[in-house]
Number of protein chains: 2
Amino acid sequence: MPTKTFFNLSEPKRKRIFSAAVEEFASRRFSEASINQIVKEAGISRGSFYQYFTGKEDLYLYVLTEIGKEKISAAVPHQVSDNEDFFTAYLAMIKDILAWARERPLYTKIWMLMEFDDSEFIAKLTAQFPNAWGRLRELIERDKKLGRIRPDVNSDMVIQILYNLNLHFQKAIIRRGNLDDLLPQVEELVKILRGGIAIV
Amino acid sequence: MPTKTFFNLSEPKRKRIFSAAVEEFASRRFSEASINQIVKEAGISRGSFYQYFTGKEDLYLYVLTEIGKEKISAAVPHQVSDNEDFFTAYLAMIKDILAWARERPLYTKIWMLMEFDDSEFIAKLTAQFPNAWGRLRELIERDKKLGRIRPDVNSDMVIQILYNLNLHFQKAIIRRGNLDDLLPQVEELVKILRGGIAIV
DNA sequence: TACGTATATGACAACCCTGTCATATGCCGA
DNA sequence: TCGGCATATGACAGGGTTGTCATATACGTA
């Protein structure tokens, strides 16, 4: 948690620091991110930084919290009804995420880099936050009971497939800003997931 | 390529350096690996290192070449016959990899860490080597013609699914060195890929 | 033995990084 | 105006990294 001193700062200054942090954390993994770079970019002195935050972890947590706040207030949580099956719910969710990725590419990149950081701190962090995929898992279980999904499939594996492919799509977005040909790909993925690829 | 001086060295000394390099490259990504650590472990001086190799890249390339030599001489390349379909071929490939991983855990870890390194050097390196996934793609195409795989599925998407899940498994292995529960997971993945999860 | 070549060495400069701390400046109320 | 508190600063120490280079030692041959 940032210090009282930090919150006493003027909003422009706070935003300057926040932006600098976002920029750094979106370009390097947490473990490689440099406080030096951040203070330079934010135009504050090294000493000041340690008067605002106890260290890099503190700042990172603050950035994540702020991003989370904005995301919650921005995203309209997708409502799932009973006659909407898992597949369409997933597609809707993906569309939400893709929209968010287009709107806030830096935030998305921070999230992505977090995925590829093996530091102790990041491991602990991701372990704490229960992700959105948990809700999706529940949908699979529900559809199993409703007779829409084969009860013998491993729900976790399905989530793993979707989660990792999602990561792949995000990577693609960041590389080449175009996301028009992405939705067809997701639809292709859903098609394969739904019916498999083998001829029986 | 290492210098003439390096190859003039006694075999024990060469092996000592090689082992130290393997150990370092198996515990940190290439970009994070430290020459200091390697020379310390190998018991040679910093100056000597630069008399053997032009730099870290040179050493890394040498290590990869040596590993490649050993792999080629050790692994019996898996032969794919016509009556063996894509799924069993894929499973066989995974089993080969797992066997190799058990035999040479450090080499496998080097290969895994390479996947998660975004440095320029590693990007160029992996771009050069045509990967095993290309061959797998050909198998899918073949099975489409043989009427084993639905011709309307996107082969690239199938490869993407396998590749990204593979990446995920790698990550899990790196985090907690256990690879015993991997095969069941891969089998579950194949099951889903084969027949899908929906009830029609 | 003596000399030239091959090999080994670690100090060095240069460049990163972090966290601290004595000092300086700003601000506000008495 | 003056004191006291809040805030800002950058030099500093200590740690890491890399690549170089003058020097020292070993080795082999004449």
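Quantities reported herein were computed from a predicted structural model and do not represent experimental measurements. We name chains A, B, ... by the order of the sequence lines, and we start the count at 1 in each one.
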Trainee: Atom CG of A:Asp58 and atom P of C:dG19: how far apart are they, to the nearest Å?
Mentor: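 Rounded to whole Å, this separation is 11 Å.
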Trainee: Under 4.0 Å, counting only non-hydrogen atoms across every strand here, what does B:Tyr52 touch: a base, just sugar-phosphate, or nothing?
Mentor: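 If one applies the 4.0 Å heavy-atom cut-off, B:Tyr52 turns out to touch the sugar-phosphate alone, with no base involved.
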Trainee: Just by protein heavy atoms under 4.0 Å, how would nucleotides 14-30 of chain D read 5' to 3' in B, S and -?
Mentor: ---SBBBB---------
Trainee: Taking only Lys NZ, Arg NE, NH1 and NH2, and the carboxylate oxygens of Asp or Glu, determine whether A:Glu187 and A:Lys191 approach each other closer than 4.0 Å.
Mentor: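 Salt bridge absent between A:Glu187 and A:Lys191.
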Trainee: Using heavy atoms and a sub-4.0 Å distance, could you list which residues of residues 4-21 of chain B are near DNA chain C? By number, please.
Mentor: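 Only B:Thr5, B:Asn8, B:Leu9, B:Lys13 qualify.
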Trainee: Using the test ring pair (Phe, Tyr, Trp, His ring centres under 6.0 Å), find all partners of B:Phe6 that sit at least two apart in sequence or belong to another chain.
Mentor: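 Result, ring pair (Phe, Tyr, Trp, His ring centres under 6.0 Å) vs B:Phe6: B:Tyr52, B:Phe53, B:Tyr62.
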Trainee: Hey, which of A:Asn166, A:Ile94, A:Leu91, A:Ile161 is the one that makes side chain to side chain contact (heavy atoms under 4.5 Å, CB included) with A:Leu189?
Mentor: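 In the set A:Asn166, A:Ile94, A:Leu91, A:Ile161, the residue that makes a side chain to side chain contact (heavy atoms under 4.5 Å, CB included) with A:Leu189 is A:Ile161.
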Trainee: Charged N to carboxylate O under 4.0 angstrom, A:Glu32 versus A:Arg29?
Mentor: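 Result for this pair is yes, salt bridge flagged.
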Trainee: Answer yes or no for A:Arg46 and A:Phe49: cation-pi contact, defined as NZ/CZ to six-membered ring centre under 6.0 Å and angle to ring axis within 45°.
Mentor: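 A:Arg46 over A:Phe49 ring: no.
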Trainee: Is there a donor in the side chain of B:Ser34 and an acceptor in the side chain of B:Asn36, or the other way round, less than 3.5 Å apart?
Mentor: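 Judged by distance alone, the side chains do not pair up.
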Trainee: Can you see whether A:Asn8 engages A:Thr5 through a side-chain donor-acceptor pair at a distance of less than 3.5 angstrom?
Mentor: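 Not at all, the side chains of A:Asn8 and A:Thr5 share no donor-acceptor pair under 3.5 Å.
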Trainee: Just how far, in rounded Å, is P of C:dC16 from CD of B:Glu32?
Mentor: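 Atom-to-atom, B:Glu32 to C:dC16, this comes out as 18 Å.
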Trainee: Between B:Asp85 (side chain only) and B:Thr88 (backbone N and O only), is there a donor and an acceptor less than 3.5 Å apart?
Mentor: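 Yes, the answer is positive, given that a donor and an acceptor are paired below the 3.5 Å cut-off.
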Trainee: Expressed as a whole number of angstroms, how long is the span from A:Leu59:CG to C:dG19:P?
Mentor: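 Going from A:Leu59 (CG) to C:dG19 (P), I get 12 Å.
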